[in-house]
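Take a look at the structure set out below.
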Amino acid sequence: MLYQVLVEFTCKNQPKPSLPTEWALCGEREDRLEVLKVSTFALVISPGDVQLVASAGCSMRLFEALEVGVIPVVLGDHSKLPYHHLIRWSEAVIMVPKPRITELHFLLRSISDNDLLAMRRQGRLLWETYFSTSESIFSTILASVRTSIQIPAAPIREEPAQEIPHKAGKLAGTDANMADNGDLDLGPVEVEPPYASPRFLRNFTYTAADVYRTWNRAPGPFHLFPHTPLDPVLPSEAKFLGSGTGFRPIGGGSGGSGKEFQAALGGNVPREQFTVVMLTYEREEVLMNSLERLNGLPYLNKVVVVWNSPKPPSDDLLWPDIGLPIVVVRTEKNSLNNRFLPWDAVETEAILSIDDDAHLRHDEIMFGFRVWREARDRIVGFPGRFHAWDVNHQSWLYNSNYSCELSMVLTGAAFFHKYYAYLYSYVMPQAIRDMVDEYINCEDIAMNFLVSHITRKPPIKVTSRWTFRCPGCPQALSHDDSHFHERHKCINFFVKVYGYMPLLYTQFRVDSVLFKTRLPHDKTKCFKFI
C-alpha cells in the first residue's frame, strides 16, 4: 500500500501572520482545502511555547481538517482544543506528544479502517454542530455558559396541533370480532386520567459534575447521543433534557413469573404511558376499525390521528369511543413527513407510530413497549428490512426479503422517542424531507437513517412478524411496482446527503419466551430474550 506524505516548509506566497513560536499558514484557504480533500490525516503542530495552549493558526488548521472530514493529528499534548472540558476530542482527533514524532508514521498505520471512518465522521459532526456557522458557534457558547451555571435549556420546538372536531359513536369493543387477546392478562387498563411524561425532572438539583459522571460512567436510557462528546452542552441534547425527561429515580422490578410479568409493567420507570400516532388518508372505514382495535390497550395515553387528506372527515362519520382521547390533527398538505411532526398533543416520550391499516394484537404492542423502555434510544418495531450493496451497479439496494439480518424497522408499526420527531422535522437536512414529498415514499427509511446516524446503533425488531397489514384492507402505496425502485433511489440519495451509510446490520431479535407462561411461585423465575 502506498502512503504519501506532503510537507511544505516554504510558502508559495506571503504566509499569514502568526505568533513567534507558531507555524504559519501557507496559501489560500481554497488551496488548503483542496489538499485536505484528498488526505486522511492533517498535521496540526502546536506552538513551541508550552505556556501557549491555543492559537489562531492551530484552530484554523483544526477547523479546516474537520470541515472536510480529515482526522487532525495534533503534535503537542499541551494544547487545549476548543471546549476541551466538554468535548471528547479523542473520538475525532489524535494527540501525540512531540517527543514521539518519530513513531507517528507507525501510530497512524496501526489505526483500522473502521476506526478511521468513525473518527472522520465524528470530526465532521463536531464541525457541523459547533463550529460551522456563526449561529452554531453562538449557540454552543450559550449552551456552555448555561451548563456551567446549571440553567436548563428551553423545551424543544413542538408543532401546534389544529384539531378537527369529531363526534364519538358507539362504545368500542362491542364487536366480538375485534377481540385479539383471548384470556391474556396484559396489564391494568388505565382508569384514571392519562398520565403525561414528567417534565424538567431534577434539572435544577444535580450539578454539572454529577451529570458528567452519570452520562459517562453509567449512560442511562436517556443518553440519546452516546457518541457525542459534549456532556451535556450539545444544544439539541440539552433541549432534550429540558423538554421533559431528565433522570428518573430507579425503581426496583417486581420480578415474578410469567403471570406476574404480564400484570405489571416493571422496569426502571414505574409509571409510563405511550401515544399512538396514526397517519391516514381517505380510508375512513379502515381507520375506524383500527381505532376500535385499540380499545382496552393498557398504558395508552391517547391517539393522535394525523389527517393527511385535504378533505375533512365525513359529517356523518361516527368515531369509536375507546375511553381515551382521540385527537384528529389537520395538516397543511398531504405529506408523509407529517407522521413525524412533534405534535404538542403528544405528551409522552414514547410514540407508537402505526399505519391506519396495521393490524397488531394488544400483546404484541405491549411487548414492543416493554422492549422500547429498555432501549429508549432505539427504534423498536415489528417489520424488519435491510439494505444491500449492488456490486454490478455500484449502488445501494432496499431489500424486503425474509432475512435473519436487518438494518431498518418500518415505522408503520414502531416505537420511538418523541425527540426523534423533533430532529426529523427541524434538524435533519431539508433535502431528505423534500425527496420524501417528491416520491410520497421513504419517510421510514429517512427516520432509520437519522436514528442510526445519531446513536450508531441498529434498530430492534420484536417478534417474528414480517408484515403487519390487516387482512382485506385496500391496497397501500407499497404494493405499487415503482415503490421499491423509489426506495432504492432514496437510500442512495440519503447516503449522499449524510456522506456515508449510517445504517447498521443486526441479527438480534427480541422474542418473548415466557410472556404467556405461568410458572409456580416456588420455581425459578426468569424472562428470556432471544
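Throughout, numbering of the chain's residues begins at 1 and tracks the sequence. Heavy atoms only: backbone and side chains are in, while hydrogens, waters and symmetry mates are out.
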- Verdict with reasoning, Val277 to Phe340, per side chain to side chain contact (heavy atoms under 4.5 Å, CB included): CA-CA 9 Å; Val277 175; Phe340 299 129; over 6 Å; no
- Passes side chain to side chain contact (heavy atoms under 4.5 Å, CB included), Tyr83 versus Ile141? Steps please. CA-CA 9 Å; Tyr83 304 105; Ile141 293 174; 3.1 Å; yes
- Message: I'd like to know whether Arg88 forms a side chain to side chain contact (heavy atoms under 4.5 Å, CB included) with Gln122, so could you lay out the CA-CA distance, the side-chain angles of the two residues, the decisive distance to 0.1 Å, and finally the verdict.
- Response: CA-CA 10 Å; Arg88 292 195 292 270; Gln122 183 67 10; over 6 Å; no
- Does the pair Tyr420 and Ile379 meet the rule for a side chain to side chain contact (heavy atoms under 4.5 Å, CB included), with working shown? CA-CA 10 Å; Tyr420 289 135; Ile379 299 178; 5.5 Å; no
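The salt bridge (charged side-chain N to carboxylate O under 4.0 Å, His left out) pairs that include a residue from residues 125-140 are Arg124-Glu128, where partners are two or more places apart or lie in different chains. Listed by first and then second residue, the salt bridge (charged side-chain N to carboxylate O under 4.0 Å, His left out) pairs that reach into residues 490-508 come to none, sequence neighbours excluded. Applying the salt bridge (charged side-chain N to carboxylate O under 4.0 Å, His left out) test to every pair with at least one member in residues 438-449, sequence neighbours left out, gives these pairs: Arg339-Glu443, Asp444-Arg487.
The shortest distance between side-chain heavy atoms of Tyr422 and Arg157 falls below 4.5 Å. Residues Ile440 and Glu486 have side chains not in contact (no heavy-atom distance under 4.5 Å, counting atoms from C-beta outward). Counting only heavy atoms from C-beta outward, the side chains of Ile432 and Met435 never approach each other to under 4.5 Å. The side-chain heavy atoms of Tyr498 and Leu450, taken from C-beta on, include a pair separated by under 4.5 Å. Within the 4.5 Å cutoff, no side-chain heavy atoms of Glu405 are placed close to those of Phe386. Side-chain contact between Leu291 and Met278: present, with at least one pair of heavy atoms (C-beta onward) separated by less than 4.5 Å. The closest side-chain heavy-atom distance from Phe367 to Val371 is below 4.5 Å. Looking at Met408 and Tyr398, their side chains come closer than 4.5 Å, going by heavy atoms from C-beta outward.
Listed for the Thr133 side chain is a donor-acceptor partner under 3.5 Å among the backbone atoms of Ser136. The closest donor-acceptor contact from the side chain of Ser197 to the backbone of Glu349 lies under 3.5 Å. Between the Arg121 side chain and the His453 main chain, a donor and an acceptor come within less than 3.5 Å of each other. Distance alone, capped at 3.5 Å, is enough to place a donor-acceptor pair between the Asn399 side chain and the Asn401 backbone. At least one donor-acceptor pair under 3.5 Å links the side chain of Trp89 to the backbone N or O of Pro82. The main-chain N or O of Pro458 is found under 3.5 Å from a side-chain atom of Arg378 such that the two form a donor-acceptor pair. Using a distance-only test at 3.5 Å, with no hydrogens or angles considered, a donor-acceptor pair links the side chain of Arg456 to the main chain of Ser452.
The nearest pair of heavy atoms linking Asn295 to Asp321 is OD1-O, 4.3 Å. The shortest heavy-atom contact between Asn448 and Ser407 is OD1-O, 4.3 Å. Looking at every heavy atom in both residues, Met428 comes nearest to Ala446 through SD-O, 4.2 Å. When all heavy atoms are compared, the tightest approach of Ser395 to Asn492 is CB-OD1, 3.4 Å. The shortest non-hydrogen separation linking Leu126 to Ala92 is CD1-CB, 3.8 Å.
Remark: the Thr348 side chain and the Thr275 side chain contain an N/O donor-acceptor pair separated by less than 3.5 Å. In summary, the side chains of Tyr281 and Asp356 do not present any donor paired with an acceptor at a separation below 3.5 Å, with no hydrogens or angles considered.
Aromatic pair Phe415/Phe274: centroids less than 6.0 angstrom apart.
Taking OG of Ser353 as the reference point, atom CG of Leu410 lies at 10.5 Å (rounded to 0.5 Å). To the nearest 0.5 angstrom, Asp377 atom CG is 4.0 Å from Lys457 atom NZ. Note: Thr140 OG1 to Leu86 CG = 10.0 Å, rounded to the nearest 0.5 Å. Arg433 CZ to Leu336 CG: the interatomic distance, rounded to the nearest 0.5 Å, is 14.0 Å. Atom OG of Ser290 sits about 10.5 Å away from atom CD of Glu285, to the nearest 0.5 Å. Between the CD1 atom in Ile137 and the CZ atom in Phe131 there is a gap of 7.5 Å [rounded to 0.5 Å].
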Please table the atom pairs, donor to acceptor, closer than 3.5 Å between any side-chain atom in residues 301-308 and protein atoms at least two apart or in another chain.
from   : atom 1 : to     : atom 2 : distance (Å)
Asn301 : ND2    : Tyr195 : O      : 3.1
Asn301 : ND2    : Gln273 : OE1    : 2.9
Lys302 : NZ     : Ala345 : O      : 2.9
Lys302 : NZ     : Glu347 : OE1    : 3.3
Trp307 : NE1    : Lys311 : O      : 2.6
Asn308 : OD1    : Asn338 : ND2    : 2.7
Asn308 : ND2    : Asn334 : OD1    : 2.9
Asn308 : ND2    : Ser335 : O      : 3.0

Please tabulate, for side-chain N and O atoms in residues 158-165, each donor-acceptor pair with protein atoms closer than 3.5 Å (sequence neighbours left out).
from   : atom 1 : to     : atom 2 : distance (Å)
Glu158 : OE2    : Lys418 : NZ     : 2.3
Glu159 : OE1    : Tyr426 : OH     : 2.5

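Among residues two or more places apart in sequence or in another chain, the side chain to side chain contact (heavy atoms under 4.5 Å, CB included) test is passed with Leu317 by Glu284, Met288, Pro313, Ser314, Trp319. Residues satisfying the side chain to side chain contact (heavy atoms under 4.5 Å, CB included) test with Met501, not counting sequence neighbours, are His387, Trp396, Phe449, Ile491, Val495, Leu503. In this structure, Glu332 has no side chain to side chain contact (heavy atoms under 4.5 Å, CB included) partners at least two apart in sequence or on a different chain. Qualifying side-chain hydrogen bond (donor to acceptor under 3.5 Å, both in side chains) partners for Ser134, counting only residues two or more places apart in sequence or in other chains: none. For Glu67, the salt bridge (charged side-chain N to carboxylate O under 4.0 Å, His left out) partners are Arg29, not counting sequence neighbours. Residues passing the side-chain hydrogen bond (donor to acceptor under 3.5 Å, both in side chains) test with Gln394: none are found, sequence neighbours excluded. For Lys333, the salt bridge (charged side-chain N to carboxylate O under 4.0 Å, His left out) partners at least two apart in sequence or on another chain are Asp437.
Taking the six-membered ring where the residue is Trp, Tyr419 and His417 present perpendicular rings, their angle passing 60° and hence far from 30°.
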